[in-house]
Every structure is written in structure tokens, then in C-alpha cells.
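When a ligand or atom number is given, it counts from 1 through the structure's own listing order. Since the structure is predicted, the reported quantities are computational estimates derived from the model, not experimental observations.
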Amino acid sequence: MLSTVKQRADYTFKFNRTLGRHGWLRLTPAYGVKLVEKILASVERDAIILDPFSGTATTGLVAAEHGNQAVTFDINPFLVWLGNAKCRNYCEDCLINIRKGVQQALKEYKSLVEQDNWIPQIFNIERWWSSYTLKCIAALRTALVNQFGETEENKLYDLVWIAFCRLIIETSSASFNHVSMSFNETTTHFEIEYIEELFVTILGFVLSSAEQHIQGKAKVIKTDSRNIVELNNIKVDQVITSPPYPNRMSYIRELRPYMYWTKFLDEAKEAGEIDWMAIGGTWGIATSRLTSWQVQEWKLPEDIFLVAERIQTSKGKNAALLAVYVLKYFHDMHLHLSSLRHILKNGAELHYIVGNSTFFGNMVDTSALISKSMQMLGYSEIHSKIIRKRNCKKALYEYCVSAAWSDS
Ligand SMILES: C[S@@+](CC[C@H](N)C(=O)[O-])C[C@H]1O[C@@H](n2cnc3c(N)ncnc32)[C@H](O)[C@@H]1O
């Protein structure tokens, strides 16, 4: 049966690239719109949808496009900003003002190229952009700030900063050919006319998709999903989400360029601090903190301790550290599933898209371990099914773990 499971690119971020707002900025671990649509197909219009691991707000936006109400959470402030910008309706006047402001900025910025413009404190910045490209995008940023203010100053102008983020990534040497990010060998020197043309094209794409009215409503709230507080007495009917996987992938890694240029990050150590709050994060300080991390909740399924023990006793490099990493991942997911319960309606349904991983030949069966946590926490009707293969060589799959909640 496993040999027939396909990679299904249509269930990944790749499917979203041409889908209007969904294609504004990519995050490689984002799931495909199609996957959320499939789950939502049988959900009533008045159902309230929750995604506690919002990322680029795929769930929130699909739900709102279907006319539902959605609430989503993320720990990363940039993703909270991006998600809200994607899910908002923009009036015609606002789009006209943006077009006018950008025309002004484009008149001004060429005269700013040789001045000392603000550039972010990105380590090894010349690895990302050639020095001339950097001067041009820094000048364009200054001209845009002169027209619209800094990123979070006026939410009606968020679309300008989304287009700018897209510009900086498209002119950078970052390469996104696989489910992560790497650098091309060299940076490209872009002519100023090309940069302008590219920005105008990107902005056109962003503004035309922003014209489409969204029927429902979605809001992204900065929340730690391990510790969910009340939602103004709102309870949710459906949880549709894709939490981080225990695979040592840090979202902050590919978000850094956007976050620096929009001033969500000032210096490198802040990235590690944000990633320490993220489940499964390993960026910077997030890895060294694992050595002193203490279990807060010992009442976990026994299999979680067993899998950590198997990793610890294997001969791999850093086996002890990675055993703590895996233990902390499932510990944090357990805290999340526990704290989620008080905002679920009686009869609420959960759908978690999760991926398995391996450490030194030890299979970490995420769907089975999450199912055990759900069982221990009183969820019912727990079942899981494979939805796609993640990698052509290794036995890595994505699963949908579903469950129900009843108050009794
Ligand atoms: C796999 S991504 C979600 C991708 C999303 N489905 C999409 O389509 O863009 C997981 C998200 O969980 C967020 N996250 C990690 N730990 C969190 C926590 N403790 N509380 C809230 N969000 C968290 C990460 O910042 C990341 O955006």
C-alpha cells in the first residue's frame, strides 16, 4: 500500500503560487489550498474554524474565502502580520492611494541610490544581494517609507510591504528549489530598471488579487499554542492545521530576510529567541537551550519517552541532544492539545497534518504519538491516514490525524 502513495505536489505550497493572495509570499512548509478545501468541503458555512499553527494563514484565508469565520494563531510576529494582511478586505480608495504613492516613490528613489540608506543587519548580507542590487533596494525602501511609513505604521499599506518582501527575495541569491532554502553560488547584479520593472509587476499581482472581496472573516492572533487563553467566549467547530514536524526545520531560517527588511528582526539573537518559542525550533539559542530544558509535564504517553530513549542510546552524533529535541517536541504538542480543549465546542473535529521523521535510523512516528496524546487527553474517534509521500527516497510521509472532542 505504501508503494502506491504519491508525492502530491498539489498538497504543498507549490500549488498555492498562482492562487491570488495565497501566492503572495511563500513559506515552504505551507500546505496546499487544495488540502484545506477538501477538509472544508463537508463543513457548514456557519462553522468557526481554528488553525493554531497559522504560518502563512492558508487555513484562515481558504476558510474566509468559503464564507466561514476563522481564527488562527502563530508565535511568529511576521507571520501574524502577513496572515492578517492576506485575510483583510481592501477598499478601492486604499488601492488607488497605494498606486499613487508607489508612483511617487518610483520617481524619487533613483536619486536616493547613492545616499546612505538604511540596510538591515543581516549577517553576510553580500551573500544575499550584490552590492549594487542592495543599494537599489535600500533606496526603494527609503522612498516607500517616505510615502507610506514603516511596515506596521498603517495596515492599509501592508500590501506595499508584501510586494517589497517579494522583491527582495526575487532579487536575492536564495534558492527555493526544494522544501527548504539554500544559496546560489553567486549573487546577481540587477540593473536598476529591472528592479523597478520587477517591483511594478509584483505590486500589480498583489493589488489585483487584493481587489477580490473575501466573503468570510479570518483573524490571526499572536498566541503561543501551548498555552491558549480564552477567545472572548468563542468556541470553535473545526481545527484544521499543520503544526511543525519533528524534523529540525526552523521556519525563521527562510523568514529572516523578510523579517529584517520589515524590521520585525533587528539582530541575529532575536531570531533564536523567537525559534525557542516555536515548537520544534532549533535556530541559534534554541538548540543550546535544549541542554538545560526541563520537562514540565510528566504525564505524557509512555511511547514518547521510549522513542526519546531509543534515540539517546543510538550511536549518532549529538544523540543525547536530539533525544531531548524529540521529547520536547512531543511534550509541547501534548501541552498544545491539552490547552486547546477549553476552546472547542462539543462535537468539534480536529484535522492535524503531520509528518514522520527518522533520527539515526529510529523512526519517529509522529501520527501515532500525536494520536496517543489525543487519546490520553480524552479526544475520541482518533484515526489517521497517509496523505502523501514527502521524499522520493526515504520513507517519509505526511498523515492527517483526525479526532473529535465531546464535553462529556
Ligand atoms: C508547518 S507551519 C504552518 C504552515 C501553514 N499551514 C501554512 O500553510 O502556511 C507551522 C507554524 O507553526 C508556528 N508555531 C510553532 N510553534 C508555535 C507555537 N508554540 N504557537 C503558535 N504557533 C507556533 C510556526 O511559526 C509556523 O508558522
Side-chain angles (χ1 to χ4, degrees), residues 10-17 19 21-37 39-40 49-63 65 70-87 179-180 218 220-229 239-256 258-259 264-265 271-283 286 296 325 328-340 343 351-355 357 366 370 387 390 398-400:
D10 56 333
Y11 280 175
T12 72
F13 72 92
K14 291 179 188 157
F15 182 77
N16 303 348
R17 284 185 290 208
L19 295 180
R21 294 169 182 238
H22 290 282
W24 285 355
L25 284 185
R26 55 174 279 162
L27 176 72
T28 44
Y31 52 27
V33 166
K34 202 170 177 179
L35 191 53
V36 183
E37 279 175 341
I39 300 173
L40 270 180
I49 317 294
L50 171 76
D51 184 345
F53 300 99
S54 178
T56 55
T58 310
T59 314
L61 184 52
V62 175
E65 285 168 341
V71 183
T72 77
F73 300 147
D74 209 282
I75 197 73
N76 182 303
F78 175 81
L79 291 173
V80 173
W81 170 80
L82 172 66
N84 281 318
K86 277 172 82 173
C87 296
V179 186
S180 178
V220 190
I221 304 172
K222 185 166 182 294
T223 299
D224 183 343
S225 288
R226 295 168 299 180
N227 184 18
I228 300 169
V229 288
V239 183
I240 304 174
T241 193
S242 172
Y245 302 167
N247 61 359
R248 303 171 65 205
M249 174 164 181
S250 290
Y251 306 101
I252 199 96
R253 180 162 189 260
E254 76 176 71
L255 293 172
R256 279 174 310 149
Y258 307 139
M259 293 180 70
F264 280 94
L265 270 183
E273 291 295 342
I274 294 176
D275 218 36
W276 174 243
M277 299 301 286
I279 297 179
T282 52
W283 193 258
Q296 273 173 48
Y325 171 78
K328 181 173 185 294
Y329 171 86
F330 287 103
H331 171 275
D332 286 357
M333 283 303 295
H334 190 91
L335 292 187
H336 156 66
L337 289 164
S338 172
S339 95
L340 178 70
I343 58 163
H351 303 280
Y352 279 62
I353 309 297
V354 297
S357 48
T366 310
I370 296 282
I387 53 167
R390 271 161 63 210
E398 249 158 34
Y399 300 77
C400 179

Student: Just jot down the ligand 1 atoms closer than 4.0 angstrom to any heavy atom of T58, in number order.
Tutor: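 Listed by number with element: 7 (C), 8 (O), 9 (O).
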
Student: D51 and side-chain hydrogen bond (donor to acceptor under 3.5 Å, both in side chains): which single residue from T241, T72, T58 fits?
Tutor: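 Of the listed residues T241, T72, T58, the side-chain hydrogen bond (donor to acceptor under 3.5 Å, both in side chains) partner of D51 is T241.
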
Student: With a 4.5 Å cut-off on side-chain heavy atoms, are Y352 and H336 touching?
Tutor: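 In contact.
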
Student: Do Y258 and L25 have side-chain heavy atoms sitting under 4.5 Å apart?
Tutor: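 Answer yes - side chains close enough.
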
Student: Just heavy atoms, cut-off under 4.0 Å: does Y251 contact ligand 1 by side chain, backbone, both, or neither?
Tutor: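 It is the side chain that gets close, since no backbone atom is under 4.0 Å.
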
Student: Side chains of M249 and P29: does their closest heavy-atom pair fall under 4.5 Å?
Tutor: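 SC-SC contact between M249 and P29 confirmed.
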
Student: Short list, please: which atoms of ligand 1 are under 4.0 Å from a heavy atom of S225?
Tutor: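 Atoms satisfying the 4.0 Å criterion: 18 (C), 19 (N), 20 (N), 21 (C).
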
Student: With a cut-off of 4.0 Å, which atoms of ligand 1 are near a heavy atom of D74?
Tutor: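 Ligand 1 atoms under the 4.0 Å threshold to D74: 11 (C), 12 (O), 13 (C), 21 (C), 22 (N), 24 (C), 25 (O), 26 (C), 27 (O).
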
Student: Suppose I only count heavy atoms of T223 and a 4.0 Å limit; which atoms of ligand 1 are within that range?
Tutor: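 Counting atoms of ligand 1 from 1, those under 4.0 Å from T223 are 20 (N), 21 (C).
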
Student: Taking C-beta and beyond as the side chain, do Y245 and T366 meet within less than 4.5 Å on heavy atoms?
Tutor: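 No; the side chains remain at least 4.5 Å from each other.
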
Student: Out of all atoms in ligand 1, which are within 4.0 Å of some heavy atom of D224? Include the element for each.
Tutor: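 Reading through ligand 1 atom by atom, the close ones are 18 (C), 19 (N), 20 (N).
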
Student: Output yes when a side-chain donor or acceptor of H331 lies under 3.5 Å from a complementary backbone atom of Q296, and no otherwise.
Tutor: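 Pair found, side chain donor or acceptor close to backbone of Q296.
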
Student: Check ligand 1 against P52 and write out every atom of the ligand that is under 4.0 Å from a heavy-atom position of the residue.
Tutor: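 Near P52, the atoms of ligand 1 are 21 (C), 22 (N).
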
Student: Report the part of I353 in contact with ligand 1, treating N, CA, C, O as backbone and CB onward as side chain, heavy atoms under 4.0 Å; options are side chain, backbone, both, neither.
Tutor: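 I353 to ligand 1: no contact under 4.0 Å from either part.
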
Student: Check if G281 has a non-hydrogen atom at a distance under 4.0 Å from any atom of ligand 1.
Tutor: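 Flag not set, G281 not near ligand 1.
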
Student: Short question: side chain of S242, backbone of Y31 - any donor-acceptor pair under 3.5 Å?
Tutor: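 Side chain of S242 to backbone of Y31: no pair is present.
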
Student: Can you tell me if D332 contacts ligand 1 (heavy atom of the residue under 4.0 Å from the ligand)?
Tutor: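 It does not; every heavy atom stays at 4.0 Å or beyond.
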
Student: I want to know if ligand 1 touches I279 in the polar sense, i.e. an N/O pair below 3.5 angstrom.
Tutor: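 Among all N and O atoms of I279, at least one is under 3.5 Å from an N or O of ligand 1.
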
Student: If the contact criterion is a heavy-atom separation under 4.0 Å, does S54 count as touching ligand 1?
Tutor: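 In this structure, S54 qualifies as a contact of ligand 1 - some heavy atom is under 4.0 Å.
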
Student: For ligand 1, which part of M277 has a heavy atom less than 4.0 Å away: the side chain, the backbone, both, or neither?
Tutor: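 Under 4.0 Å from ligand 1, M277 contributes backbone atoms alone.
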
Student: Out of all atoms in ligand 1, which are within 4.0 Å of some heavy atom of S242? Include the element for each.
Tutor: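 By the 4.0 Å cutoff, the relevant atoms are 1 (C), 2 (S), 3 (C), 6 (N), 10 (C).
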
Student: Quick check against the 3.5 Å criterion: does R390 have a side-chain atom that pairs as donor or acceptor with the backbone of E398?
Tutor: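 Checked: no pair found.
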
Student: By number and element, which atoms of ligand 1 are closer than 4.0 Å to a non-hydrogen atom of T56?
Tutor: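 Going through ligand 1 atom by atom, the ones under 4.0 Å from T56 are 7 (C), 8 (O), 9 (O).
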
Student: Can you give me the closest heavy-atom contact between L265 and A271, atom names plus distance?
Tutor: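 Looking at all heavy atoms of both residues, the shortest contact is CD2-N, 3.6 Å.
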
